[in-house]
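Just so you know, ligand 1 is whichever comes first in the structure, and atom 1 is the first atom listed for that ligand.
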Amino acid sequence: MKIAVLAVQGAFLEHENVMHKLGVQTIQLRKAGDLAEDFDGLILPGGESTVQGKLLRELHMLEPIRDRIENGLPVLATCAGLILLAEQISGDDTVHIGTLPVTVKRNAYGRQLGSFHYAEGNFLGVGIFPMEFIRAPYVTEASQDVKILAQVEGRIVGVQYRNQLAVAFHPELGDDTRIHQYFLENYLS
Ligand code: GLN
């Protein structure tokens with residue numbers, strides 16, 4: 001099995017490290033040509049969604065990635081990755097990949113709570129998972145067929161829709177590999 005990690009900007013190395021810990025090979029997607037490589041799943045890392053979206057357009061990667069996701073490629077998106085997938089961004093007309101029927105609010109916790117650690121988050125199918133939020137978004141609206149996997153203080157921070165698993169926090173930053181394992185077990189086997 002091989003997992004491709006979008007590597008144009010942001011925290012892609014951390015995701016690769018988790019995959020390597022789990023004994024899974026990774027490749028980096030840095031240019032359109034890399035999409036011709038053989039891979040079974042995709043990770044969209046955290047970072048800055050505006051920069052990532054701009055680079056994906058300039059590198060002609062946005063549409064091929066959208067097509068692959070629409071055709072069933074399993075994808076794990078974290079933080080900025082969730083924003084890239086969202087069909088709508090609150091207060092903004094920009095849509096990047098737009099395959100996930102949710103509305104997200106960017107930098108949604110205000111200045112004081114820009115970054116925080118939430119130790120007691122419950123993730124459906126995984127259990128209590130330590131959640132690291134960094135200038136994170138949350139989901140303000142989700143279509144009925146989107147499954148809510150995690151909420152923190154009433155705000156949706158983890159969702160699943162068909163082949164797409166998206167979280168507002170950073171499961172790649174701690175030592176806990178269970179969300180990545182959950183992705184591999186439920187989406188790739
Ligand atoms: N604030 C970033 C954005 O809007 C997301 C932050 C992150 O990925 N940690 O894209």
Side-chain angles (χ1 to χ4, degrees), residues 3-19 26 28-30 41-59 61-62 65-66 69 75-119 121 123 126 129-142 146 148-153 155-161 164-180 182-183:
I3 299 291
V5 183
L6 181 67
V8 294
Q9 191 268 343
F12 51 89
L13 285 176
E14 290 81 354
H15 280 288
E16 288 192 89
N17 290 339
V18 179
M19 283 297 159
T26 57
Q28 296 187 348
L29 301 181
R30 294 180 169 274
L42 171 66
I43 293 180
L44 300 175
E48 194 52 47
S49 57
T50 45
V51 177
Q52 294 182 358
K54 181 169 178 280
L55 288 168
L56 285 177
R57 282 181 182 84
E58 285 173 10
L59 294 162
M61 294 171 83
L62 192 73
I65 288 179
R66 181 186 297 136
I69 294 173
V75 56
L76 167 63
T78 61
C79 206
L82 161 63
I83 299 167
L84 289 185
L85 285 184
E87 263 180 15
Q88 270 194 61
I89 301 171
S90 173
D92 190 333
D93 288 338
T94 318
V95 182
H96 302 289
I97 298 172
T99 49
L100 181 66
V102 300
T103 303
V104 292
K105 189 164 153 55
R106 293 181 63 207
N107 302 326
Y109 300 88
R111 228 175 257 169
Q112 301 244 308
L113 275 182
S115 300
F116 61 100
H117 179 81
Y118 193 82
F123 200 91
V126 171
F129 191 90
M131 296 177 181
E132 207 63 58
F133 291 86
I134 304 173
R135 291 173 45 76
Y138 64 76
V139 172
T140 55
E141 278 171 64
V146 170
I148 312 295
L149 298 178
Q151 296 193 52
V152 165
E153 287 166 2
R155 289 163 172 170
I156 302 168
V157 297
V159 294
Q160 185 220 323
Y161 175 71
Q164 303 171 61
L165 173 62
V167 301
F169 56 93
H170 285 269
E172 77 285 9
L173 293 184
D175 294 327
D176 199 324
T177 57
R178 285 177 299 154
I179 301 260
H180 290 77
Y182 175 84
F183 174 62

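Ligand 1 has an N or O atom lying under 3.5 Å from an N or O atom of S49, backbone or side chain. Distances between N or O atoms of A80 and those of ligand 1 include at least one value under 3.5 Å. Between T50 and ligand 1, no pair of N/O atoms sits closer than 3.5 Å. The shortest N or O to N or O distance between I134 and ligand 1 is below 3.5 Å.
Under 4.0 angstrom from ligand 1, there are no non-hydrogen atoms of T78. Both the backbone and the side chain of E48 come within 4.0 Å of ligand 1, counting heavy atoms alone.
Of all protein heavy atoms, the one lying nearest to atom 4 (O) of ligand 1 is R106 NE, 2.7 Å. Atom 1 (N) of ligand 1 has as its closest protein heavy atom N107 OD1, 2.7 Å. The shortest contact between atom 7 (C) of ligand 1 and any protein heavy atom is with C79 SG, 2.7 Å. The nearest heavy-atom contact from the protein to atom 2 (C) of ligand 1 is G47 O, 3.5 Å.
Between S90 and R106, the closest side-chain pair of non-hydrogen atoms is not below 4.5 Å. Here the side chains of F169 and C79 are not in contact, with every heavy-atom distance at 4.5 Å or above.
Near G46, with a cut-off below 4.0 Å to any heavy atom, the atoms of ligand 1 are 8 (O).
The six-membered or imidazole ring of F123 lies away from that of F129, with a centre-to-centre distance of 6.0 Å or more.
Contact between H170 and ligand 1 is present, with at least one heavy atom of the residue lying under 4.0 Å from the ligand.
Counting all heavy atoms, side chain and backbone alike, Y182 lies closest to L149 at OH-CD2, 4.1 Å.
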Exercise for review: Start with the C-alpha distance between H96 and R66, add both sets of side-chain angles, then the distance that settles side-chain hydrogen bond (donor to acceptor under 3.5 Å, both in side chains), and finish with yes or no.
Suggested key: CA-CA 9 Å; H96 302 289; R66 181 186 297 136; over 6 Å; no

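Between the side chains of Q164 and T99, a donor-acceptor pair is found at a separation under 3.5 Å.
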